[in-house]
Protein chains: 2
Amino acid sequence: MAESTGPKRPGGETLLFLTDEQLRKGIEAMFFAYRGFTADPDRILENYAYGRAHHRAIHFIGRSPGTTVNNLLSILGVTKQSLNRVLRTLIADGLVESRVGTRDKRERHLNLTEAGWRLERELSDAQRDRMRVAFRAAGPEAVAGFRTVLEAMMDPEMRRHYVALKEQS
Amino acid sequence: MAESTGPKRPGGETLLFLTDEQLRKGIEAMFFAYRGFTADPDRILENYAYGRAHHRAIHFIGRSPGTTVNNLLSILGVTKQSLNRVLRTLIADGLVESRVGTRDKRERHLNLTEAGWRLERELSDAQRDRMRVAFRAAGPEAVAGFRTVLEAMMDPEMRRHYVALKEQS
DNA sequence: ATTTTATGTCAGCCTTGTTGACATTCCAAG
DNA sequence: CTTGGAATGTCAACAAGGCTGACATAAAAT
C-alpha cells in the first residue's frame, strides 16, 4: 500500500488520481454504475421471460444486421452452445431471423424481424434514457473523459470490436 | 430516432454528445469495458474455485471491516440466501470471520482473516493495475469525467452506498 | 407479552455460463 | 477428387449464482 501511494512522474509531479484510494473509487464506481446501467433493461426483460443474454444478442444483431454467428460469438465472448440456446429461443419467438449465407452456405446471417426491432427499441430506449440523463448532468467534457477511460480499460480484442462498431456508423 | 437527434439547449446550442449515436457508443463502451474490468480477477478466482460473487463479498468486507450481513446485502443487491451461500464457503475456508454483535447480538460482524486479506490483495492489485494503466493513459481530466458520468448513472441508493464508502476513507 | 428485525438454512427453480461428443455442410488445399 | 478443417447445430451433463418460499431462532423494540 505505502509504496504505491502518491506515485511520482519522472518530472516529479504527484499524480493524485493514481493513488490506490483513487483507483479503488474508480473500481467501485464501475461496480455501482454497471448496476444502474443494466437495471432498466432488466426490468423490461422480465415481462418477456428473457434475460441479459437475450438483450446482448438483440443489441448486437441490431447493431450489425446480417452479422454471422461467429462474429457474434467473438463479440459476446461466450461459447457457441450458450449463444445457440439464446438464439434458438429468439428465432422460435420470431424476433430473430437466421438466413443461410449465399457465398458461404455454412454461415448463418442474423437479422432482427419487425418484432425483434420493436423489442430492441424498447430496450435501447430505456438504456439510452438513463445514459442521456447521466451525460446531460455530467456535461460534454466529462462524457469525453468517460469514453476515454473506458476505452483504455478494454482488452485489445474488445477494443477492436468497439472501434469496428463505431466506424460502421 | 430523427426527433431525438441533435437536441438543442434552451440557448440553442447543439449537444452533439447527446445524439442517439453518442449514447449508443456510451452503452457499448460500458459493455466492453466492464468485460475488461472483471477479466483479471476472474482469472485469479479460477485458481481458488471462487466466482465473482465471492470477489464482491471479499471486496466490500475488506472495504468496511466489521460490516453487518444486512449492510452487505443492501450494497450487493442480492438475496440473503445468495449471499449466505457465498459467505458460508468463505467462512468455512477461513477467509472471513463472523462475530456476533456486542450491542445487538442479532447482528453478525464480518471481517477478513489474514488469508482473506491475502486474497483481497491479490484480487484488488490485479484490478487496480488495469485501472491504473487506463487512468494513466487517459489523464486526470478524463478520469474526473469518467467518475462524474458513472456517478450520474447510478441508482440513487447505489450512489448513497458509493458516497458512504468514499467518505469512509 | 407480542411483534419486528437480523440472521441462518433447507428445498427447489431459472438463467446462463461451461465441456465434451458428434453430425452436417462445404470451402480449400493437396 | 479426396481429404482436412472451418462453421454451424445439437444433445447431454454440469456448475455458479441468481431467485422464491418456508421455517427457525435469538434478540431488540414496542
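Here is the naming used below: chain letters follow the sequence lines, and residue numbers restart at 1 for every chain.
- Between H161(B) and F32(A), the ring-plane angle classifies as parallel under the 30° and 60° cut-offs.
- Of the candidates dG8(C), dT8(D), dG18(D), dG18(D) carries the atom nearest the R56(B) side chain, counting heavy atoms from C-beta on.
- The residues R130(A) and D125(A) are annotated as not salt-bridged, no charged nitrogen and carboxylate oxygen being separated by less than 4.0 angstrom.
- Taking a cutoff of 4.0 Å between a charged side-chain nitrogen and a carboxylate oxygen, R52(A) and D42(A) qualify as a salt bridge.
- Taking atom CD1 on I58(A) and atom P on dT16(C), their separation rounds to 11 Å, with Å as the unit.
- The shortest distance between the side-chain N/O atoms of N70(A) and the OP1/OP2 oxygens of dT8(D) is below 4.0 Å.
- Not one side-chain nitrogen or oxygen of S82(A) sits closer than 4.0 Å to the OP1 or OP2 atom of dT16(C).
- In this model, a side-chain donor or acceptor of R106(A) finds a partner on the base of dA6(D) within 3.5 Å.
- Residue D104(B) places its side chain closer to dA28(D) than to any other of dA28(D), dG8(C), dT8(D).
- Rounded to an integer number of Å, the gap from CG of L45(A) to C1' of dT16(C) is 14 Å.
- Each of V78(A) and K105(A) has a nearest nucleotide on DNA chain C; the 5'-most of these lies closest to V78(A).
- Side chain Q81(B) to base dG12(C): no donor-acceptor pair is found below 3.5 Å.
- Counting to the nearest Å, the P atom of dC10(C) and the CZ atom of R85(B) are 12 Å from each other.
- Residue-to-nucleotide proximity on DNA chain D shows that, of L73(A) and K80(B), the 5′-proximal contact is made by L73(A).
- For E141(A), the CD atom is loosely surrounded, since the number of other residues' heavy atoms within 6.0 Å does not exceed 12.
- For N84(A) and dA7(D), the CG to P distance is 16 Å, given to the nearest whole Å.
- The shortest distance between the side-chain N/O atoms of R88(B) and the OP1/OP2 oxygens of dT9(C) is below 4.0 Å.
- Here dG8(C) presents its P atom at 12 Å from NE2 of H109(B), a figure rounded to the nearest Å.
- The residues D40(A) and R128(A) are annotated as not salt-bridged, no charged nitrogen and carboxylate oxygen being separated by less than 4.0 angstrom.
- Atom CZ of R52(A) and atom P of dC19(D) are 11 Å apart (whole Å).
- Here dA28(D) presents its P atom at 10 Å from CD of E107(B), a figure rounded to the nearest Å.
- Straight-line distance from the CG atom of L87(B) to the P atom of dG17(D): 13 Å, rounded to whole Å.
- The side chain of H54(B) contributes an N or O atom lying less than 4.0 Å from OP1 or OP2 of dG17(D).
- Toward the 5′ end of DNA chain D lies the nearest nucleotide of S98(A), the other residue of the pair T102(B) and S98(A) mapping further downstream.
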